[in-house]
> 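Pasting in a structure now, in structure tokens, and then I'll have a few things to ask.
Read the numbers this way: they start at 1 and go in the same order the structure lists the ligands and their atoms.
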Amino acid sequence: MGCNDAASCFCFWNKNLKQKLEKTHCLQEVQEVQRSQGSQGDGKEHGKEIGKEMVVNPWEVSGKVDYQKLVEHFGAGLISPDLLDRLHRVILQTGRVKELHPWLRRGIFFSHRDLHEICRLKEMGKPFYLYTGRGPSSEAMHLGHLLPFMFTKWLQDAFDVPLVIQMTDDEKFLWKGEYDSEDGDNLEHFRFLAMENAKDIIACGFDKSKTFIFSDCDYLGQMYPNVLRIWKSVTYNVAKSTFGFEGSSNIGKSAFPAIQMAPSFPSSFKVPLKEMENLACLIPCAIDQDPYFRITRNIAHKLVPKDHPLKGKPSLLFCKFFPPLQGTQGKMSSSDSNSAVFLTDSPQEIEKKIKRYAFSGGCETEEEQRVKGADLEVDVPFQWLTFFLEDDEKLQQIADDYSRGSGEFWGTGKVKECLIRVLQSLIKKHQEGHLGSCCVSSESSNFCKKLVLFGARAAK
Ligand code: TYM
């Protein structure tokens, strides 16, 4: 996938479309705000509690997440057994992978918007593209961040489709950046983190010829016409009620959501997506990112040609949160190094973290454990194995033994040992891939500065 044809990126697909910009009047605006807030429209999602004890938004996840309630609140759908069967059939037809990804079978990717539309397109032999992203807030990514990328890699393998990956260095600067009267600001720091994180992302092994990874600071100019269209289409009331902006928020924060929305439209990638403006878009991510795309879907028709198969609405596949070591509430955080396993951790660090910090649902004494068994729902080592132990039979054996307190995996120590081996091997493979992608370079062209994918594993 290339990005160096300067002429083609300035072909405006919408030249012939009438610019129908709706006049907002009160009723319409109330409806818009309600739609953007999800099915219930009670305006409580941004930074506040949904129900009694959970907070889920793009910047905070805390409390015990009730996924059923969350999906209802956001107005997304659960992946039903029928939809899963249909997806399975569609995937088998491609002949590229043999079975559904364990994260689909195990309900880790559990919720969606318009996934049946993606199945329908594939049944008709029509193409789509994948879009996902990362906000580079720390040099090392943790296992939770990796989930959507590993899954996206599998989707790309299964469907053989183009992929765009957005690195929101701008977002992280706006939310976490600092200004010092001596040294100035630290925008460059976030651009550097974007490059570092890109290496970890590339190490997942995407198809180099079909993957475009970009930093907003570098590429925004190409998306700017679509960003403008989104700014024009979304009212401040909608943005404020969805994201919770306040008078004291810097104005960049209010402007940013449009920048995360813009890659949902193929016309933001005229060269990488080769002017295929009717391509549908599928976005794999954790469910915390839904607020961006809920708004996107409401205004999508304004950014695509009339015969776009989904009227421009991106389809979404949501995963649950990979829990922190200390317990199954909230999500893993980069700012607490003991809550997470990072892609840079050594085998010894992994072992130490799991042994010392992973919350156990087992009993205090061996005697008690042998009688009562462990509570798998709250047991972090077991929960982590449901994400990363691929072998279904072994996982079942661990569940049976551990919950009964008998057999090979009767106690926490045994289960932790198994998890440590699984993670050490996963991280080792990833670190080898990261080394292979270390020659990621920022290269100027007449079109844009871009991240170019290099490296043995990345090229696979
Ligand atoms: P960021 O960097 O917070 O997270 C990157 C991706 O990882 C998901 N994620 C998790 N998934 C499972 N368990 C966790 N504990 C966990 N923590 C984070 C996020 O949902 C995300 O998919 N603003 C975005 C960057 C972005 C983006 C996108 C994400 C730009 N465009 C399109 C998804 C789709 C961000 O800061 O993600």
> So between M167, R134, H145, Q260, whose heavy atom ends up nearest atom 2 (O) of ligand 1?
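Selected option, by shortest heavy-atom distance: R134.
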> What atoms in ligand 1 come closer than 4.0 Å to a heavy atom of L147?
12 (C)
> Do F342 and M141 have side chains that approach each other closer than 4.5 Å (heavy atoms only, starting at C-beta)?
no
> Of all the atoms in ligand 1, which lie at a distance below 4.0 Å from a heavy atom belonging to I283?
34 (C)
> Below 4.0 angstrom, N of the basic side chain to O of the carboxylate: do K353 and E349 qualify?
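Result for this pair is no, no salt bridge flagged.
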> For atom 20 (O) of ligand 1, which protein heavy atom lies nearest, and how many Å away is it?
D288 OD1, 2.7 Å
> Do the side chains of S315 and I283 get nearer than 4.5 Å, heavy atoms only?
no
> With atoms numbered from 1 as shown, which atoms in ligand 1 lie under 4.0 angstrom from a non-hydrogen atom of G135?
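So the answer, numbered in order with elements, is 1 (P), 2 (O), 25 (C), 35 (C), 36 (O), 37 (O).
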> With a cut-off of 4.0 Å, which atoms of ligand 1 are near a heavy atom of K320?
12 (C)
> Heavy atoms only: which of F387, F318, Y131, W59 lies closest to atom 31 (N) of ligand 1?
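Selected option, by shortest heavy-atom distance: Y131.
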> Taking atom types as modelled, find out whether S215 and D169 have a side-chain donor-acceptor pair closer than 3.5 angstrom.
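There is such a pair (donor and acceptor under 3.5 Å, judged by atom type) between the side chains of S215 and D169.
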> Is K320 positioned over the aromatic face of Y67, cation under 6.0 angstrom from the ring centre and no more than 45 degrees off axis?
yes
> Check each heavy atom of Q289 against ligand 1 and say whether those closer than 4.0 Å belong to the side chain, the backbone, both or neither.
side chain
> If we set the cut-off at 4.0 Å for heavy atoms, which region of A286 has an atom near ligand 1: side chain, backbone, both, or neither?
both
> So H434 and D200, side-chain hydrogen bond (donor to acceptor under 3.5 Å, both in side chains) or not? Walk me through it.
CA-CA 5 Å; H434 180 106; D200 275 329; 2.7 Å; yes
> Please check if the distance between the ring centroids of F212 and Y219 is under 6.0 Å.
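Centroid separation for F212 and Y219: below 6.0 Å.
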> So is there a nitrogen or oxygen of F256 less than 3.5 Å from a nitrogen or oxygen in ligand 1?
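F256 vs ligand 1: no N/O contact under 3.5 Å.
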> Heavy atoms only: which of C285, P58, P314 lies closest to atom 22 (O) of ligand 1?
C285
> Going by the atom numbers of ligand 1, which of them fall below 4.0 Å from some non-hydrogen atom of K172?
36 (O)
> Does F149 have R134 sitting over its ring (NZ/CZ under 6.0 Å from centre, angle to axis within 45°)?
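Cation-pi check for R134 and F149: fails.
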